[in-house]
Amino acid sequence: MYYDYYLYYLSYLSSLYNGYPLIIRITVVMVMVLATITLFGVFRLLYIGFQINRKDKTKRNTQEHFEEKLTFVMRNKVNYEVDEIQELLQYDTSKAKRWKSDVLTDVVLTVKNAVYKEGELNEINYKNCIEALRLMGFWEKRIRTSGPDKRKQALQVVGAIDNGVNSGILSKSTFHKNKHLRKTARDLHTSQDSYNPFRFMEENFDEAFTQLDKLRLHSTLIKRSKEGRLPNLLRWINNSKNPNYIVFILREVGFFNQYEAAPTLMEMLDRQENRDVRAQIILTLGELGYLECAPRLIQRFHLETNVVREAIITTMGRLHGSTNLRFLVDTYSGTEDINSKLVIARAIKSHGEQGNRELLRLQQEAHVQSNENENTLLNQVFSETAILPV
């Protein structure tokens, strides 16, 4: 009975619809489609809002339950065992839901960073908290089983936890075709691995070495240097053909003040063909304060390109001595290019009182010769409080 009733009205509406002109039928279809999309969008927004509110509520409840206790444990100077921490937190890992480990990680890292800034972090208790909550197992599983985006996020979280990582878990990611995932995994390996942390630095870190990679590696090397003395960084550029990577390593040699690398740098200078690399070698020698290189640099000065010459001038400004100062003054007098004179004048000024006296003498000569451009240049150098980077 009801079937015939519905079939009757369906046939009626169908014939009514077919009786309208084409333009009206198209309009009706479009209105129905748009109404369906609008309703779907509204319900989708409501669902997303519900999910966000539920997650925020869950996070607040978790934070209220764990934050004070975690702060107490991480700040306490008494070392607690893993079982004691689990009992204190009242947390049964066997009954924990998957989402809770994600939320707990945020809470643990927030507490850790706050206590660390206060200088009261107990590293042993922090690591035992990670073990008590079984967080490393959760994130290592995500690294093994997730897609590229979630895996990259998991790698970043493991790096933030800073509790070491099993290099076997990273092996799949360190050679992944996704370059962002691959670089994140290699940086984590360099930062966390305890057996062969610098493995990928011997391979140019990655075939596409970018500015972001430089920031990552620099931060990792700082972390490693705080944990212990770094090996000679030059060992990682012997087989490298990437000038960008070589220049980065040379800068790091100067930053970490690896003075023992200076003789090797002098040997590299003679056989290096790339001008940017030669310029950075010279700048690094200046940062290291390697006075023995000065005579060789003076000999090379007129044989080099402008980029390398400016590097020599900057380095001679760092290597104080009467011979080096005389070289700078003579070079200043023999140069007509105003930009080169500015660089040389700044290098002369870095020699302290002797340099200032030479600049005053040069300024007097400029005044006698009515050379206003040079007089203005020297006034600018005198007004500066520090040497500007070249």
Side-chain angles (χ1 to χ4, degrees), residues 55-56 58-146 150-171 173 184-185 187-198 216 219-229:
K55 186 175 181 180
D56 289 343
T58 301
K59 189 173 181 179
R60 284 196 303 270
N61 292 338
T62 305
Q63 189 169 359
E64 289 173 1
H65 178 78
F66 289 98
E67 186 173 28
E68 187 176 349
K69 297 175 182 177
L70 286 170
T71 303
F72 169 78
V73 173
M74 292 187 198
R75 184 177 283 150
N76 204 307
K77 295 182 179 179
V78 177
N79 296 334
Y80 288 90
E81 297 295 331
V82 173
D83 294 340
E84 294 175 317
I85 294 174
Q86 285 181 335
E87 185 177 350
L88 177 65
L89 297 178
Q90 298 176 351
Y91 182 66
D92 188 354
T93 55
S94 61
K95 298 180 181 179
K97 296 181 180 179
R98 187 172 58 181
W99 57 263
K100 202 157 192 175
S101 295
D102 203 339
V103 175
L104 272 174
T105 303
D106 290 338
V107 176
V108 169
L109 290 178
T110 300
V111 172
K112 173 211 171 185
N113 292 334
V115 177
Y116 179 79
K117 287 180 181 178
E118 297 170 3
E120 299 181 359
L121 180 65
N122 185 325
E123 292 282 353
I124 295 176
N125 282 351
Y126 164 68
K127 293 183 178 183
N128 285 342
C129 285
I130 299 294
E131 178 63 26
L133 298 172
R134 301 290 189 269
L135 296 182
M136 289 303 297
F138 169 79
W139 290 107
E140 287 176 353
K141 182 179 179 181
R142 182 168 289 189
I143 290 173
R144 289 195 306 269
T145 60
S146 301
K150 285 191 175 182
R151 198 188 309 177
K152 179 185 174 185
Q153 181 191 27
L155 290 168
Q156 292 170 336
V157 172
V158 170
I161 292 174
D162 192 19
N163 191 40
V165 66
N166 185 345
S167 58
I169 294 173
L170 299 179
S171 59
S173 301
T184 303
D187 180 60
L188 181 62
H189 180 278
T190 306
S191 174
Q192 303 284 329
D193 187 67
S194 57
Y195 176 67
N196 185 18
F198 304 112
R216 284 171 171 163
S219 176
T220 298
L221 289 174
I222 290 175
K223 175 181 177 293
R224 284 289 181 183
S225 68
K226 292 178 180 178
E227 296 172 353
R229 190 170 180 270

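Computed over heavy atoms, backbone and side chain alike; hydrogens, waters and symmetry mates excluded. In this text, all values refer to a predicted model and were calculated from it rather than measured experimentally.
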For [X] and [Y], work out which heavy atoms get closest and say how close.
X	Y	result
N122	N76	ND2-O, 2.8 Å
N125	Y80	OD1-N, 2.8 Å
E81	E84	N-OE1, 2.8 Å

Determine whether [X] and [Y] make a side-chain contact, defined as any pair of heavy atoms from C-beta on separated by less than 4.5 Å.
X	Y	answer
M74	K112	yes
L121	R75	no
Y126	V108	yes
K69	Q90	yes

Should the heavy atoms of other residues, nucleotides or ligands under 6.0 Å from [atom1] of [X] be counted, would the total exceed 12?
X	atom1	result
K223	NZ	yes
I222	CD1	yes
E68	CD	no

Once you round to the nearest 0.5 Å, how far does [atom1] of [X] lie from [atom2] of [Y]?
X	Y	atom1	atom2	answer
E123	N79	CD	CG	11.0 Å
F72	L88	CZ	CG	7.0 Å
K127	M136	NZ	CE	10.5 Å
L155	I143	CG	CD1	4.5 Å
C129	Q86	SG	CD	10.5 Å
R134	L104	CZ	CG	13.0 Å

H65 side chain vs L89 backbone, donor-acceptor pair below 3.5 Å: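 Confirmed, H65 side chain pairs with L89 backbone.
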Verdict with reasoning, L188 to Q156, per side chain to side chain contact (heavy atoms under 4.5 Å, CB included): CA-CA 8 Å; L188 181 62; Q156 292 170 336; over 6 Å; no
